[in-house]
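The structure appears right after this line, and notes come after that.
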Number of protein chains: 2
Amino acid sequence: MPVENTVQSIERAIRIMEELATEKEGMGVTELSHRVQLHKSTVHRILNTLLQYGYVEQNPNTERYRLGMKLLYLGGAILDRMDIRREAHDILNALAEEVNEAVHLVVPEGDRAIYIDKIDSKRTIRMYSQIGRKAPYHASAVGKAILAFLPQEDAERVISKGLEKFTKNTITDPEKLKEHLEMIRQRGYAVDDEENEVGIRCVGAPVFDHTGRVIAAISISGPTVTVTKEKIPELSEKVMESARRISEKMGWKAG
Amino acid sequence: MPVENTVQSIERAIRIMEELATEKEGMGVTELSHRVQLHKSTVHRILNTLLQYGYVEQNPNTERYRLGMKLLYLGGAILDRMDIRREAHDILNALAEEVNEAVHLVVPEGDRAIYIDKIDSKRTIRMYSQIGRKAPYHASAVGKAILAFLPQEDAERVISKGLEKFTKNTITDPEKLKEHLEMIRQRGYAVDDEENEVGIRCVGAPVFDHTGRVIAAISISGPTVTVTKEKIPELSEKVMESARRISEKMGWKAG
DNA sequence: TCCTTTGTTTCGTATTATAAAACATTGTTT
DNA sequence: AAACAATGTTTTATAATACGAAACAAAGGA
């Protein structure tokens with residue numbers, strides 16, 4: 001998708017890095033050039049550039065390339081500017097300890113919610129998640145918890161872009177979603193009942209700042225075998241309590 | 001520093017992103033073009049490219065540019081491939097809780113040690129640190145803890161590159177450092193006594209893998225007013241115990 | 001030994017990125 | 001109100017750069 005007034009070679013570098021992000025063990029030049037549909041020597045030259053600056057590293061034995069640690073520096077700078085991450089971390093830790101499931105913190109980012117912190121569960125059967133990844137607003141507990149408390153015109157804009165179907169449980173009817181969001185506003189928490197991913201259930205609650213705006217959401221997430229429907233009442237109380245505590249740390253006042 | 005067979009415009013994009021990483025609140029086009037010494041319209045075009053792909057974002061009110069969340073996705077992919085981070089996190093949390101100081105996990109990265117996880121202390125007076133940033137081997141507790149257990153030729157290579165002076169306490173004499181590393185090997189822990197930064201003291205210990213190689217280090221770090229010299233014996237025991245537990249999780253066997 | 005495959009290097013030139021100039025907008029000063 | 005200053009954004013001729021085809025080097029397998 002070429003965009004106007006952009007630098008093509010930078011776009012190519014971006015494509016290459018994003019392709020490398022999908023392969024934990026890295027990739028060779030030939031495979032990568034097939035994937036991004038660029039000539040092998042072009043890919044090699046771009047990789048060499050990224051290699052010189054630490055954005056890519058090469059395994060000397062396998063000669064495969066993978067993302068380099070310099071991206072950690074840049075990502076770390078972003079994490080570091082997020083006050084809410086600092087404020088929420090202990091509360092998330094305590095919550096994860098208490099319920100023994102994965103716990104996540106997300107913030108709104110464009111048309112999706114982005115994971116900015118997580119505490120993994122200690123169970124053998126776990127769900128997979130990754131900082132920096134995004135979740136759809138309408139199909140995730142954290143997304144719905146944010147959507148329910150966004151200003152109406154913002155929520156309308158999200159809904160009007162269409163509600164993609166991820167599983168047979170995903171809410172794809174705008175009217176149905178709006179009713180659902182009203183219910184979330186009444187209850188104070190949201191449930192993703194295998195709407196985003198089969199076999200995963202999440203209970204989420206919104207976080208507010210000093211102006212009363214929703215700025216984030218947290219969730220308790222796990223496989224449906226451990227996050228059962230019977231547990232929802234208990235988990236919802238706990239996630240709301242933690243969200244309230246984080247909100248207060250962000251300057252929110254009840255009422 | 002131009003390098004051969006590199007793509008100049010990609011290098012420029014990298015320089016721009018790294019400059020933006022130094023300014024939490026972002027920067028305008030004009031300031032940025034002064035800093036990277038490129039024409040304003042060139043900088044603008046590169047920024048626009050990065051903007052389109054989420055690597056940079058622009059505050060609509062101030063028009064300032066800052067790093068974008070896509071870097072969090074790439075950084076998250078790197079964090080996610082690190083098994084040690086997953087294994088160590090709970091142990092680090094417990095340690096931080098126990099000593100009420102900042103706790104860090106670092107791994108070797110080229111000629112420095114890079115921070116890949118941290119637990120901040122709950123005290124009012126804290127030290128500043130950031131995931132993705134690097135510490136010099138010879139002047140940090142984590143660095144020295146790794147250096148002391150590296151194969152001799154690797155340690156020699158590090159030392160032969162010169163020992164930069166950061167404070168009046170920094171060890172800059174190669175012979176003195178080698179004696180110091182021997183002491184660390186005997187004791188099993190390292191101390192950074194305001195060698196990297198005035199007012200900061202750290203106690204670190206190495207982490208080993210199943211082959212017996214040093215693969216990481218952890219530390220307890222804080223301002224000298226709370227991490228006092230009197231506390232070093234106690235803190236060293238605790239940091240070594242935690243490092244040993246992480247080592248075992250990484251497959252290390254004593255003996 | 002020959003063949004295949006992969007990563008790396010070379011180099012002519014077509015394409016791309018540059019940067020100077022102009023423009024649009026906002027805030028400040030006279 | 002008009003003039004000025006400063007900033008971000010757009011336009012465009014062309015110099016510079018990036019591209020990609022071809023060749024090369026090395027390793028592994030038949």
Side-chain angles (χ1 to χ4, degrees), chain A residues 1-68 110, chain B residues 1-70 110:
Chain A
M1 63 161 177
V3 190
E4 288 195 351
N5 202 31
T6 55
V7 183
Q8 184 180 231
S9 51
I10 294 172
E11 287 176 311
R12 288 174 166 182
I14 284 168
R15 276 168 60 204
I16 283 169
M17 287 194 291
E18 289 179 5
E19 198 62 46
L20 288 174
T22 66
E23 291 290 339
K24 187 166 156 184
E25 303 302 328
M27 249 181 272
V29 176
T30 308
E31 184 184 356
L32 191 48
S33 77
H34 283 150
R35 286 201 185 188
V36 300
Q37 293 295 301
L38 290 174
H39 196 275
K40 202 169 54 162
S41 68
T42 299
V43 169
H44 185 263
R45 185 143 171 267
I46 292 171
L47 281 174
N48 189 52
T49 308
L50 297 171
L51 185 66
Q52 300 302 320
Y53 293 88
Y55 288 78
V56 154
E57 58 196 31
Q58 186 178 28
N59 183 318
N61 301 316
T62 63
E63 293 189 312
R64 298 168 82 104
Y65 292 88
R66 67 180 185 176
L67 291 180
Chain B
M1 64 159 178
V3 190
E4 288 195 349
N5 202 32
T6 56
V7 182
Q8 185 181 230
S9 51
I10 294 172
E11 287 175 312
R12 288 173 167 182
I14 285 168
R15 276 167 60 203
I16 283 169
M17 288 194 290
E18 291 179 4
E19 198 61 46
L20 287 175
T22 66
E23 291 289 340
K24 187 165 154 184
E25 303 301 329
M27 249 181 271
V29 176
T30 307
E31 184 184 355
L32 191 48
S33 76
H34 283 151
R35 286 203 187 184
V36 300
Q37 293 294 301
L38 290 172
H39 195 277
K40 203 168 52 161
S41 70
T42 299
V43 169
H44 186 264
R45 184 144 173 265
I46 292 170
L47 281 173
N48 189 52
T49 308
L50 297 171
L51 185 66
Q52 299 302 319
Y53 293 88
Y55 288 77
V56 153
E57 59 196 30
Q58 187 179 26
N59 183 319
N61 301 315
T62 63
E63 294 189 313
R64 298 169 79 106
Y65 293 88
R66 65 180 185 173
L67 291 180
M69 290 292 202
K70 211 50 170 292

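Letters go in sequence order (proteins before strands), and every chain restarts at 1.
The stretch residues 27-37 of chain B does not touch DNA chain C, since none of its heavy atoms comes less than 4.0 Å from the strand.
Remark: C1' of D:dA18 and CD1 of A:I46 are 9 Å apart, rounded to the nearest angstrom. When the P atom of D:dT12 is taken as reference, atom NE2 of B:H39 falls 17 Å away, rounded to whole Å. Atom CG in A:N5 sits roughly 9 Å away from atom C1' in D:dT11 (whole-Å rounding). Atom CG in A:N59 sits roughly 17 Å away from atom P in C:dT6 (whole-Å rounding). Straight-line distance from the CG atom of A:N48 to the P atom of C:dT8: 8 Å, rounded to whole Å. Atom P of nucleotide C:dT6 and atom CD of A:Q58 are separated by 15 Å, given to the nearest angstrom. Per the geometry, CD belonging to A:E63 stands 12 Å off P belonging to D:dA26, to the nearest Å. Rounded to a whole Å, the CG atom of A:N61 is 18 Å from the P atom of C:dT6.
The phosphate of D:dA18 has OP1 or OP2 within less than 4.0 Å of a side-chain N or O from B:S9. Using a 4.0 Å cut-off, some side-chain N or O of B:T42 falls inside it from OP1 or OP2 of C:dA19. Here B:H44 reaches the OP1 or OP2 of D:dT9: one of its side-chain N or O atoms lies under 4.0 Å away. A close approach under 4.0 Å does occur between a side-chain nitrogen or oxygen of B:Y65 and OP1 or OP2 of D:dT9.
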Might you list the N or O atoms of the protein lying below 3.5 Å from N or O atoms in nucleotides 22-29 of chain C, with each pair's distance?
none

Between the protein and nucleotides 3-5 of chain C, which nitrogen or oxygen pairs are less than 3.5 angstrom apart?
none

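Comparing D:dC19, C:dT10, C:dG7 against the side chain of B:V7 picks out D:dC19 as the nearest.
Annotation for B:S33 and B:K40: closest pair CB-CA, 3.8 Å, computed over non-hydrogen atoms.
Looking at heavy-atom distances under 4.0 Å, B:R12 makes contact with sugar-phosphate atoms alone, never a base.
Residue side chain A:S41 does not reach the base of D:dA22 through any donor-acceptor N/O pair under 3.5 Å, judged by distance alone.
Checked for salt-bridge contact, B:R66 and B:E57 meet the test: a charged N lies under 4.0 Å from a carboxylate O.
For the residue pair A:Q52/B:T6, the side-chain donor-acceptor check at 3.5 Å is not satisfied.
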